[in-house]
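What follows is a short report on a single structure.
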Amino acid sequence: MSKKWINLMRTGLLGVLFWVLAGIAVADTGDITAGEIAFAVDTLWTLLAGFMVFFMHAGFTMVETGFTRAKNAVNIIMKNILTISSGVIIFYAIGFAIAFGPSLGGFIGTKGFGLIGLEGADFGVPLTGFWFFQAVFAATAATIVSGAVAERTKFSAYLLFTVIITSITYPVVVHWVWGGGWLSELGFVDFAGSTVVHSVGGWSALVGAALVGARIGKYGTKGEVKAIPGHNIPFGALGVLILWFGWFGFNCGSTLSGTDEAISSIAATTILSASAATVSAMAITWLRYGKPDISLTLNGALGGLVGITAGAASVTLGGSLLVGLFSGALLVLAVEFIDQKLKIDDPVGAISVHGVCGAFGTLAVGLFSSEAGLFYGGGTSLLAIQAAGVFAVGIWVILISFLAFKLIGWVVGLRVSPEEEIEGLDVGEHGISAYGNLAGKTGHPIGEAIVANTPISI
Amino acid sequence: MSKKWINLMRTGLLGVLFWVLAGIAVADTGDITAGEIAFAVDTLWTLLAGFMVFFMHAGFTMVETGFTRAKNAVNIIMKNILTISSGVIIFYAIGFAIAFGPSLGGFIGTKGFGLIGLEGADFGVPLTGFWFFQAVFAATAATIVSGAVAERTKFSAYLLFTVIITSITYPVVVHWVWGGGWLSELGFVDFAGSTVVHSVGGWSALVGAALVGARIGKYGTKGEVKAIPGHNIPFGALGVLILWFGWFGFNCGSTLSGTDEAISSIAATTILSASAATVSAMAITWLRYGKPDISLTLNGALGGLVGITAGAASVTLGGSLLVGLFSGALLVLAVEFIDQKLKIDDPVGAISVHGVCGAFGTLAVGLFSSEAGLFYGGGTSLLAIQAAGVFAVGIWVILISFLAFKLIGWVVGLRVSPEEEIEGLDVGEHGISAYGNLAGKTGHPIGEAIVANTPISI
Amino acid sequence: MSKKWINLMRTGLLGVLFWVLAGIAVADTGDITAGEIAFAVDTLWTLLAGFMVFFMHAGFTMVETGFTRAKNAVNIIMKNILTISSGVIIFYAIGFAIAFGPSLGGFIGTKGFGLIGLEGADFGVPLTGFWFFQAVFAATAATIVSGAVAERTKFSAYLLFTVIITSITYPVVVHWVWGGGWLSELGFVDFAGSTVVHSVGGWSALVGAALVGARIGKYGTKGEVKAIPGHNIPFGALGVLILWFGWFGFNCGSTLSGTDEAISSIAATTILSASAATVSAMAITWLRYGKPDISLTLNGALGGLVGITAGAASVTLGGSLLVGLFSGALLVLAVEFIDQKLKIDDPVGAISVHGVCGAFGTLAVGLFSSEAGLFYGGGTSLLAIQAAGVFAVGIWVILISFLAFKLIGWVVGLRVSPEEEIEGLDVGEHGISAYGNLAGKTGHPIGEAIVANTPISI
Amino acid sequence: MKKIECIFRPSKLEQVKEALSMYGINGMTVTHVIGCGIQKGKTELYRGSEYSLDLLPKVKIEIIIKDELVRQVIDIISSAAKTGQIGDGKIFVYDVETAIRIRTGETGDDAI
Amino acid sequence: MKKIECIFRPSKLEQVKEALSMYGINGMTVTHVIGCGIQKGKTELYRGSEYSLDLLPKVKIEIIIKDELVRQVIDIISSAAKTGQIGDGKIFVYDVETAIRIRTGETGDDAI
Amino acid sequence: MKKIECIFRPSKLEQVKEALSMYGINGMTVTHVIGCGIQKGKTELYRGSEYSLDLLPKVKIEIIIKDELVRQVIDIISSAAKTGQIGDGKIFVYDVETAIRIRTGETGDDAI
Ligand SMILES: Nc1ncnc2c1ncn2[C@@H]1O[C@H](COP(=O)(O)OP(=O)(O)O)[C@@H](O)[C@H]1O
Ligand SMILES: Nc1ncnc2c1ncn2[C@@H]1O[C@H](COP(=O)(O)OP(=O)(O)O)[C@@H](O)[C@H]1O
Ligand SMILES: Nc1ncnc2c1ncn2[C@@H]1O[C@H](COP(=O)(O)OP(=O)(O)O)[C@@H](O)[C@H]1O
């Protein structure tokens, strides 16, 4: 593609080309080499996958909104929207340099703040495209936390935590595993981020939920566990399906190359694991609770997606089914354990989905990798490395998150007042309810038939 | 792309490549040939289209949820989520072999269960990628049924039916038409599945809705037809727009090749037919009922999409407008006929959208095909073949579905109890309501301002 | 790709290829040249981007539904659905010819009605693909208006306006800027349509909202400004995230070439501007109103997207951050000004988002263009050209829209009756409510537990 | 004038309304309520935790009528709303001191 | 003490509230209800099948006041809620035996 | 027979219900209402324009009981619903002329 063309583009003449140019353009593209096209295809693939990962934020938003109460819907949406927006900016200013800048001893990147000074680096696709893909990933890790600490955490406290996770916690882990750091040297395998993205989010969520404390009314005075059902299951289901859709970009795009032959099989292992986990979570809740539970089935689908993320490119289709089956079952047990035994209040199940299934998925590579997994005759060496990685990342994330939440708690406070929590964070933090027929709102003198709320449908 | 690169990827070093490697990667891609890139492009196209088709399941979920009542929302969502998940697994284990395995007399495939033993086959794209695309199609055919039998069918009965349609009913039809079977030999044209996917779903839905019977209250004792409006039209509209979006993947991806020149025109015929059908359904309801009916207009858009699916690659743009106009009109009349004359209760219009418009669209190829259609001087021979295909598939599907529903009814029963139906399947089958402010829920002692339901908005 | 293959496809044998063909296909693709693949990649890119732009209509629908009242939800959805469907048809029949047909003095295209007679033209991608991309753009410009005139405008009046904007207003502007017309000759830069698409929609919205008048109850008798909150903020947020997702197609796809090296950086500037605008709108409302306002933060994200659209390919990453910061701030001030000073009632903020931020974004190219912008030492010449373009387009759009609304008002009337407005347009115009438990609906004798509306959630 | 307040199953509203309308009674006000009594609701699980669904949806209709119609209206409603299962609901009768029709200012029996 | 119960158009709530507040009456409880009477609703079509929209949205406000204010409050509400069209609604008056303010335990007129 | 009508904070419903149930009272009907009184709500901004949130969510429970239980039920509810803050709500007592159990046709005290 000639320079001239691009300039035309830039001056806004998109697709003009007209009568006068007729016949030129096709000849034009004739100049291009196979190598250039491959580079373009890799770039497009990375970007398209990045768009799909971006769209996952719509999924997170809907899941977290649907699985919490109506009175906190505006707040949880604001948290999600600010996570993607501020997360991307911070990852541009700081995080990317720490993740992918020249390494200081395999532990931390040191250059590339504002993407400046990386001219010499080659990421296989243009720097801006590579950054784009990594930035939407970073925001994903960050947004996991919002669900776990929902319905009681101050908006300002949450924003500050987002700054920390996207500038330090997450980028450092990326550096270790994907940035040429010590874990990658060890041979640690985390294809698309069961540990790097999901466990980082999940363990941060664990620390956050534990330090912020349970929602008022979640645990009775005698320790009874109370159910606080979400207010809109269809939102939750839509969110899960959007996430599942976006996950194809998340996993398949992590090749960062459209010409990688593994992409097809990554798509297949991803859908099979998610499907198996959905079925297994459904079946297990049916067995344990007497009826198939929708919120855990939906969580199960996500658990299966998180579980396969590390090994999407290295397990067989059959292996992915097993990874999914275990992930779905594990998810249900983990939710029960965290809620009922640990008494840590995680309204949307983020810790179980991202933390627990993320750790499991990473270990599962050591078991199911068709090249080096224990079950495929590869011995325990990969498994040991995987365990080391899971452990090291867990320690790091829990440490930093603990310090971060403590610090934030000290500076601005973590929690809204009990009155605000009971009334709802929407009015308290944002002055508005999610559903316009506001409680007693009388802002304008015109009545309307709120058919949406008419009490009798017969 | 060198082997080394791929291995790097697999060990999780995605996008590392760094300072030390700087300058190598571009040279690296220089090795690739045009043929390899074309193969990669075909693969990416098939997968991206498959992702979009997957996303259609979010569309189906929202349409079916929105067009039914709040008390059954959890149940319809569970049915949709389990359709995609279990459908994909079954199509992996069984369906694909029957559809695309070596043919037994043009009627049924015989090998490839679990995708094993197909090493010699060539599908133009990698086996796993081809399977992925076909698997999300299979789940599409299956999920059509859930809407038609909504609000009264047992969850277990529905799940069993999903097993049958994705393992037998649908794969056999695929084999006939796309798997080299007898209909394809005849010259039957169904580009992306008006008959193969949609009519298979539509006729199954017809049998299901007829055998399960109407919802309590749908038809009066004197045969009066009662309206049972859906509970959330915005969900329905969102679902339709998601489906329309996904349909571009459905139709354009059915080339299974990104280098096929027809893709542009397939996109154009798809959008024109859907648009024309939307306008015609809107106009016809305006004329017939005095006001433009939203639920039929939305159904109309889907009717236009189903209608063009068979002929997307063989009709002109003008032809696609006509196919759409007729599909939209036909849809309205079909809904009326099925509801008011046949008295078969189809809450979401699935039979009309997928069955009737699917049959029409398939026949329309015989009329509008720019190569062999009756209106383009091609005579009636293609039309006759199309009619034969529509007929044969219809018979097969109705037969198998009839046996399946009878069998399932005998084993587990098709319908929930009248009490459960009146109370809603959500609480009955899943122990939870879709909208968290559960009827009288008192699970936790903290009150909240359910502003969402505050009665007065003024 | 051989002709034979394509024919196979067309007769419906998609993906057949089988045992008998094994091994042929790969060899088959070996024939293809790099130039042909590049053409295919450009086509796929344009189409995929077009699909994403299509999906933006789901975003518009959700934003406009969520930001208005429940009693008008069906009506706003119908308007959106009919905009995309009738808009596409009209742009096929008329608009495209006016936009991209052979020019009459740089002012208007004259040929290509129904895409006929354009055989000689070359758009870099197939005509149908190019048309597809442009058609979904045209519908975007049109649909902007629906939000601004929501909750009071007659359905028929709105439909007529859609005909005018997609057949005349918008295509003429496209011709000027992207169709080789006088503005492009001047050197006016509007990469993806801050002015061409968004301002066209925004200024039409301004005229429409002004002429239709405010909603009953919006302004008090003494000029007090009343708040009329939307009924479903989660819908609004989902819509914004869908729009943001689709915008990547909108901007990145406007290269109309998948091999353009600028794509990566376009994706990056797009996400940075949107993020910065989200943060700045949030911060400014927090400062000005005491609490971060969700509806303006969401509008802010859109403002940042509109703002960067003109310069996505010509500003640096740092520049895009600044464009975003200003867009977000400007958005808040513009909403205040239009609502409180001009007293023009725009329920969803369309005029500010698309009109004001569109104009700003276009001017910003003159400031921030890394090649010719004022801040990059390019002097004021580009800025002057940009200002001329903004002005000329503004005049044209306001003129035509004024005439159009006046004419439509005279023919069918612009506004529903006050009674219908108070009762809601849903029942009045479409005979149905968006939320099925209709006001007093007694269409069927079976009661149901409307758990969704149970008053107490505790 | 009396107020007849009846609480019964939402599924019976249509039948009750029809029965009353056949008897010539068209004026009524309907509210969606939830209630408990002998009918106790049930316990369900959400994510493995118990919660009780003990307030069940009912409708309340209020009809203000002349004293002499009370007996008859009670009978009509009783038979239309009855299923014989626990949870059928109650009818309560109250005295009304006066009634005013906003539109006309009429009072007393003329207003209803 | 009396209870004044008024059922009227939702679009009039703001006006009624303002009128009462100007008269010094701030305490009230509001419920969203649906009702029918002389105003009969209408028949619409959904997917070609008829259904009747015969219960129309209204609001009910309940005000407990001292006996001597009853007349005046009725007048205020009547004029604020009136449009003159069928469907304007009704006002009913009941006797209240006693009232208690939960916060303080005050009873009778002090409680309201 | 008397009707006890209490309007209080939604957050107290569970406690009130439990307290009544311990006392053996299970029958009640609950409505979601909004109300104002001394507690005045507040003013918020939406898109820069003010609006007042002056009607606040409350619940209303209605219990019909035998005359002799009135005092006690009022006490139970008062103490369970009390926070001591403005906005705790009210209890009103009305006379009920009769009650009918739809399921059995029982009347009077037997019906409740
Ligand atoms: N004492 C009471 N006061 C007010 N409402 C009551 C009372 N007892 C019952 N109700 C209402 O009547 C409904 C049905 O009562 P229940 O005792 O369950 O069945 P049944 O009427 O068949 O004996 C309850 O859900 C509640 O709304
Ligand atoms: N007899 C009645 N008992 C209880 N409520 C009634 C009665 N008659 C009317 N209403 C209420 O008053 C509303 C308006 O009454 P309607 O007869 O339609 O108009 P109008 O009050 O102008 O004569 C009804 O929707 C209903 O809610
Ligand atoms: N005069 C009244 N008539 C009817 N309801 C009232 C009256 N006064 C108060 N209420 C109801 O009681 C609720 C609480 O009353 P309020 O005066 O705010 O606090 P408190 O009860 O603590 O004095 C109000 O929201 C309203 O629903």
Side-chain angles (χ1 to χ4, degrees), chain E residues 1-8 10-35 57-67 69-70 73 77 92-112, chain F residues 1-12 15-16 19 29-41 51-62 65 67 70-97:
Chain E
M1 250 176 313
K2 300 289 173 199
K3 174 204 242 181
I4 299 186
E5 178 178 272
C6 334
I7 295 142
F8 54 89
S11 54
K12 290 291 184 182
L13 177 61
E14 187 64 8
Q15 262 140 285
V16 169
K17 229 158 55 69
E18 258 169 37
L20 287 168
S21 152
M22 274 169 56
Y23 183 67
I25 297 204
N26 291 310
M28 74 185 71
T29 299
V30 183
T31 314
H32 179 51
V33 298
I34 48 181
K58 302 282 170 193
V59 298
K60 173 163 91 175
I61 71 175
E62 289 161 287
I63 306 176
I64 280 71
I65 45 165
K66 286 181 238 170
D67 297 11
L69 297 175
V70 169
V73 167
I77 295 174
F92 304 117
V93 181
Y94 307 86
D95 188 55
V96 180
E97 304 209 331
T98 184
I100 296 99
R101 188 190 301 275
I102 293 174
R103 173 163 51 91
T104 57
E106 289 161 291
T107 56
D109 283 358
D110 295 340
I112 55 178
Chain F
M1 251 176 314
K2 300 290 173 198
K3 175 204 241 183
I4 299 185
E5 180 179 272
C6 336
I7 295 143
F8 55 90
R9 301 180 195 275
S11 55
K12 289 291 184 181
Q15 261 140 287
V16 169
T29 298
V30 182
T31 314
H32 180 50
V33 298
I34 48 181
C36 56
I38 301 175
Q39 190 188 18
K40 297 249 44 115
Y51 69 96
S52 61
L53 277 164
D54 56 1
L55 288 168
L56 300 166
K58 302 281 169 194
V59 300
K60 173 163 90 175
I61 72 174
E62 289 162 288
I65 45 165
D67 297 12
V70 170
R71 203 54 257 162
Q72 201 121 18
V73 166
I74 288 176
D75 288 349
I76 292 169
I77 295 175
S78 289
S79 60
K82 188 169 179 168
T83 70
Q85 306 293 310
I86 285 176
D88 270 359
K90 318 270 189 235
I91 302 174
F92 303 117
V93 181
Y94 308 86
D95 187 56
V96 180
E97 304 209 331

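Every chain is numbered from 1, with letters handed out A, B, ... down the list of sequences.
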Discussion item. I'd like to check F:Lys90 versus E:Ile64 (side-chain heavy atoms, cut-off strictly below 4.5 Å). Are they in contact?
Written reply: no
Item to complete: Check whether any side-chain heavy atom of E:Ile102 sits under 4.5 Å from a side-chain heavy atom of F:Ile91, and report yes or no.
Response: yes
Worksheet, complete the sentence: To the nearest 0.5 Å, atom CZ of E:Arg103 lies from atom OG of F:Ser78 at 12.5 Å
Worksheet item: Between SG of F:Cys36 and CD1 of E:Ile61, what distance do you get to the nearest 0.5 Å?
Response: 9.0 Å
Discussion item. Please classify the contact of E:Ile112 with chain F as side chain, backbone, both or neither, using a heavy-atom distance under 4.5 Å.
Written reply: both
Fill in: Portion of F:Ile86 that has a non-hydrogen atom of chain E nearer than 4.5 angstrom
both
Item to complete: Go through F:Leu55 and E:Lys17 one step at a time and tell me if the side-chain contact (heavy atoms from CB on, under 4.5 Å) criterion holds.
Response: CA-CA 10 Å; F:Leu55 288 168; E:Lys17 229 158 55 69; 3.9 Å; yes
Discussion item. Heavy-atom pairs under 4.5 Å with chain E - which of F:Gly87, F:Gly35, F:Gly37 has more of them than the others?
Written reply: F:Gly37
Item to complete: Select, from F:Gly84, F:Gly89, F:Ala81, the one with the greatest count of heavy-atom pairs under 4.5 Å involving chain E.
Response: F:Gly89
Report, one line per pair, each donor and acceptor closer than 3.5 Å where one atom sits in a side chain of residues 92-101 of chain E; sequence neighbours left out.
from, atom 1, to, atom 2, distance (Å)
E:Tyr94, OH, E:Glu5, OE2, 2.9
E:Asp95, OD1, E:Lys2, NZ, 3.0
E:Glu97, OE1, F:Lys2, NZ, 2.9
E:Glu97, OE2, F:Lys2, NZ, 2.9
E:Arg101, NE, E:Glu106, OE1, 3.0
E:Arg101, NH2, E:Asp110, O, 3.1
E:Arg101, NH2, E:Ala111, O, 3.4

Item to complete: With sequence neighbours excluded, tell me which residues meet salt bridge (Lys or Arg N to Asp or Glu O under 4.0 Å) with F:Asp75.
Response: F:Arg71
Worksheet entry | Candidate list F:Ile7, F:Thr31, F:Ile34, test side-chain contact (heavy atoms from CB on, under 4.5 Å), partner E:Thr29, passing option | F:Ile7
